[in-house]
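Written out below as structure tokens is the structure these notes cover.
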Number of protein chains: 2
Amino acid sequence: MSVKERKDRERAARERLIVAAARELAEQQGWDAVTTRQLAERIEYSQPVLYSHFRGKREIIGAVALEGAAELAAAVRAATAGVDGPRERVAALARAYLDFAERNPAVYDAIFQLDGGLAYAQEDTPEPLKDAFAALMETLSEVAGNGIDPGLFTELFWASLHGLATLTRTGRLLDEYAEPRVELLVDRLAMV
Amino acid sequence: MSVKERKDRERAARERLIVAAARELAEQQGWDAVTTRQLAERIEYSQPVLYSHFRGKREIIGAVALEGAAELAAAVRAATAGVDGPRERVAALARAYLDFAERNPAVYDAIFQLDGGLAYAQEDTPEPLKDAFAALMETLSEVAGNGIDPGLFTELFWASLHGLATLTRTGRLLDEYAEPRVELLVDRLAMV
DNA sequence: TCGGATGTCTAGCGGTGCTAGGATCGATTC
DNA sequence: GAATCGATCCTAGCACCGCTAGACATCCGA
């Protein structure tokens, strides 16, 4: 059985290699440049190999999305962990979220813009996605306010962050307002 | 010169036909289905004709976006026109905006998600885009609050609406929270 | 050592956005 | 009214895309 185990290990390693290559290529040249041919060349295999790991390009995007969601959750938790006071925690969360989106635009797109064939807001939603939402809710439910469902509040706050992230990155908002926008968002939405 | 004028008229009519066909096809089957071949068949011309009107597919998307932005501005103004009280006006604006996004998903994407080769938040931003932002600001600047730049406030409110619109449509938010989300957004952001 | 399964590659399908070059049509001129 | 000439449009094709069938090699277990 040791042979099979070794092969499984090698397969898993190659799968990680594919996801890493897709992510790197997407961040470097955008998702349009992530073609099966480019990807195959980067991992030094032929294109059909990709299809022995994933059903198609969509699933590769989905894999990058799951990896990214886990990182986003970790980033949010790390940013809010040592912060005193609910208001400051929320502000730290907002900055960490927007910072992640800015530093990893392609990954952010994979999670929230592109079709990775993943289910959202359902029972069969993959764990990393649920956990990323949970990471937001941990800090945000403190400031939802009286009688407001924490899930509802988190959805709204998240949507605002998402709007800021996407509109900022596509150049649809003024750069100089970036920081005041976050301040205003936190001041108005969070009940401290 | 009458001949030239007639030809110009015919050209303009055909250009409108192309934009209308692109929009209709996008709403019916999504932007992926809007290929130059499909488009050419719908307008009953060959593909190269498209390129005598637009530099490429991107510019066709841009044309749909401009048309849509004008409609969005009109929809927002119409929805807020006869409403009494700033709070109710803002709520009407929010609902009108989200309603437009839901009813015209492909057009909304053309304006705010896809690359139509348009400039945003700059001097050379096309008039319809500036005007759509102006339409939002007309109602929103009333409730920006003391000492808050109306432009800044409008950007934030708009970003929140945009986040709600996009996340809702891609199934990333719970449907049953749709109305309370709007209520909460207006209650928290608008200073009445 | 050999048979067979497993894995990988080459080649190719139908599609995409876009363009070069020739044919055709129609307005203008004699 | 006929000829010319320019504008207009189409056919055909480029390089690329995601994806797959089938040949081939390679390595494992008997």
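Chain letters run A, B, ... following the sequence lines, proteins first, then strands; residues in each count from 1.
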Worksheet item: Who passes ring pair (Phe, Tyr, Trp, His ring centres under 6.0 Å) against A:Phe133, sequence neighbours left out?
Response: A:Trp158
Between atom [atom1] in [X] and atom [atom2] in [N], what is the gap in whole Å?
X       : N      : atom1 : atom2 : value
B:Glu44 : D:dC9  : CD    : P     : 14 Å
B:Gln47 : D:dG13 : CD    : P     : 14 Å
B:Gln29 : C:dT16 : CD    : P     : 12 Å
A:His53 : C:dG7  : NE2   : P     : 10 Å
A:Lys57 : C:dG15 : NZ    : P     : 19 Å
A:Tyr45 : C:dT6  : OH    : C1'   : 14 Å
B:Leu39 : C:dG17 : CG    : P     : 9 Å
B:Ile43 : D:dC9  : CD1   : P     : 10 Å

Worksheet item: Across the strands shown, which category fits B:Arg58 at heavy-atom distances under 4.0 angstrom: base, sugar-phosphate, nothing?
Response: nothing
Practice prompt. Could you tell me whether A:Arg14 contacts a base, only the sugar-phosphate backbone, or nothing, with contacts defined as non-hydrogen atoms closer than 4.0 Å?
Written response: sugar-phosphate
Practice prompt. Check whether any side-chain N or O of B:Thr36 sits under 4.0 Å from OP1 or OP2 of C:dG17, and answer yes or no.
Written response: yes
Worksheet entry | Backbone of B:Gly163 reached by a side-chain donor or acceptor of B:Thr166 within 3.5 Å | yes
Worksheet item: Donor-acceptor pair, B:Thr80 side chain versus B:Arg77 backbone, under 3.5 Å?
Response: yes
Discussion item. Starting the side chain at C-beta, find the nucleotide from C:dC9, D:dA12, D:dG18 nearest to A:Tyr51.
Written reply: D:dG18
Discussion item. From C-beta outward on A:Pro48, which listed nucleotide comes closest to its side chain: C:dA20, C:dC9, C:dG17?
Written reply: C:dC9
Practice prompt. Identify whether NZ of Lys or CZ of Arg in B:Arg169 sits under 6.0 Å from the centre of the six-membered ring of B:Tyr108 and within 45° of that ring's axis.
Written response: no
Fill in: Common cluster, B:Val186/A:Ile148, ILVMFWY with side-chain heavy-atom separation under 4.5 Å
yes
Worksheet entry | Upstream residue (5' side of DNA chain D) when B:Ser46 and A:Arg37 are each assigned their closest nucleotide | B:Ser46
